[in-house]
2 protein chains.
Amino acid sequence: MGRAGDSVLGFAILGLLAEASLSGYDVKLRMAEPVGFFWRASHSQIYPELAKLEAGGMVVHKAVPQSGKPDKKVYEITADGLLAVREWVSLPARLGPTRDEATLKAYLSWLGERGEMAEMFRELGRKHEGQLEKYEETERWMLREWGEPEEFGARRFANYAALRRGIGFEREYAEWCRWVAEKLEGR
Amino acid sequence: MGRAGDSVLGFAILGLLAEASLSGYDVKLRMAEPVGFFWRASHSQIYPELAKLEAGGMVVHKAVPQSGKPDKKVYEITADGLLAVREWVSLPARLGPTRDEATLKAYLSWLGERGEMAEMFRELGRKHEGQLEKYEETERWMLREWGEPEEFGARRFANYAALRRGIGFEREYAEWCRWVAEKLEGR
DNA sequence: GTAAACATGTAACAAGTTACATGATTGC
DNA sequence: GCAATCATGTAACTTGTTACATGTTTAC
């Protein structure tokens, strides 16, 4: 208990560093865009976590001077760190501690004004649909560039698998929102 | 900012108290079973939250002596509290801060041993399928007891809407798990 | 006798968010 | 001149988890 790289965030970072050495800022960027879709973290969590990982011997860093810009700290995963992620990744995933504000609002929808509630769910549905469209665009790109999913290597498949989850999630969510809105509107 | 009943948990509790006055223990029970499916909270969060809500004038309590058992504190929602939930419920729901360990593991699946990863996703899929079956059983009960969803009153519909979300979520999740496992097994 | 349910709390800790803090460079 | 990007941190606060703490009654 309390070991470095014990937290999910720690493993997420180790996973990124298993592919390439990165500065804290680079980690931040990756945590924003692809990883952030399923595990969000801001730089104020990332920098301390990198320090913790280093204290635990999971990563090491070297300062890289840059012309003009401040020095970069480039983090590299250690053998221990690589072993730790490799073990962690196939361990049973804990089921997310289900917390969904919109479902709670649906459950309490009888307290609100029907029309207002319907509009809220319509709008929420539009947001999820928008995200779905972005994911689907990415999927089309992958299939175009990488070919058949069956032929993907392990790395590309891993990418694609996460995307498929995003697509399924957003599609289901958007549909549910539309259904709730429709019912609330009394059709 | 920092007003009582500001947190989602506070509103969840107010929502429960809008239907009936309850003791902290009763709130705990409801937070475990129906509400816990989409907003989990343990008693160590609930008791202090009730105190905060009371300090903010959202609820009041009276001690109810019981034969043998220790006194109950029965909480009742105030006019202010009711107004606050009613307003909150149709306000835009924040999108959950997407954190899903299993999707992260899928994204990092290239780091693990194929067979082990596949088994992990199989097992996870079984868990979600199990939950799905429970929800579907509940749905059958509702339809049997309450008739057509179109005829539900606002309260019953609210219940049903949350359940529909659970069903959609678990079904999609289970399907995705099976798909990931299958692909990892190399079929 | 013993475990589960009833009943209510606090303490210590971990995780996550928002704001504070600084400073250079690049593109408009 | 001004915003965005690069680059790294800390502080204050909120949320959530796990463990500690206590005591009765009821059903097996």
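A, B, ... follow the sequence lines: proteins, then strands. Residue 1 opens every chain.
- No cation-pi contact links A:R164 to A:Y135, judged by a cut-off of 6.0 Å to the six-membered ring centre and 45° from its axis.
- In this structure, B:Y75 and B:H61 have tilted ring planes: the angle between them lies in the 30° to 60° band.
- C:dT18 atom P lies 11 Å from atom CD of A:Q45, rounded to whole Å.
- The pair B:R171-A:E172 does not meet the salt-bridge criterion, since no charged nitrogen lies less than 4.0 angstrom from a carboxylate oxygen.
- One atom, OH of A:Y25, and another, P of D:dG9, lie 14 Å apart when rounded to the nearest Å.
- Aromatic pair A:Y160/B:W110: centroids not less than 6.0 angstrom apart.
- Taking every heavy atom of residues 36-44 of chain B and every atom of DNA chain C, pairs under 4.0 Å involve B:H43, B:S44, by number.
- A salt bridge links B:E123 to B:R126: one of the charged nitrogens lies within less than 4.0 Å of a carboxylate oxygen.
- Listed candidates were D:dG16, C:dG9, C:dA15. Nearest to the side chain of B:L9 is D:dG16.
- Whole-Å rounding puts the B:K28 NZ to D:dT18 P distance at 15 Å.
- Taking 4.0 Å as the cut-off between side-chain N and carboxylate O, A:K183 and B:E150 count as a salt-bridged pair.
- Remark: P of D:dT18 and CZ of A:R94 are 8 Å apart, rounded to the nearest angstrom.
- A rotation axis mapping the C1' atoms of four pairs onto the next four is fitted at both ends of the helix from C:dG1-D:dC28 to C:dC28-D:dG1 over five pairs, and the angle between these axes is 40° to 10 degrees.
- In this structure, B:L29 places its CG atom 13 Å from C1' of C:dA4, rounding to the nearest Å.
- Ring centroid separation for the pair B:W176 and B:F121 comes in under the 6.0 Å cut-off.
- Panel note: side chain A:K105, backbone B:W88; a donor-acceptor pair is recorded below 3.5 Å.
- Using a cut-off of 4.0 Å between Lys/Arg side-chain N and Asp/Glu carboxylate O, B:E170 and B:K134 are scored as not salt-bridged.
- In this structure, the CG atom of B:L22 is 14 Å from the C1' atom of C:dA7, given to the nearest Å.
- Protein atom NZ of B:K72 is 17 Å distant from nucleotide atom C1' of C:dG9, rounded to whole Å.
- Contact check, A:R99 against D:dT15: no side-chain N or O comes under 4.0 Å of OP1 or OP2.
- The separation between A:D6 atom CG and C:dA15 atom C1' is 13 Å, rounded to whole Å.
- Here C:dG9 is the nucleotide among C:dT10, D:dT15, C:dG9 with the atom lying nearest to any side-chain atom of B:K73.
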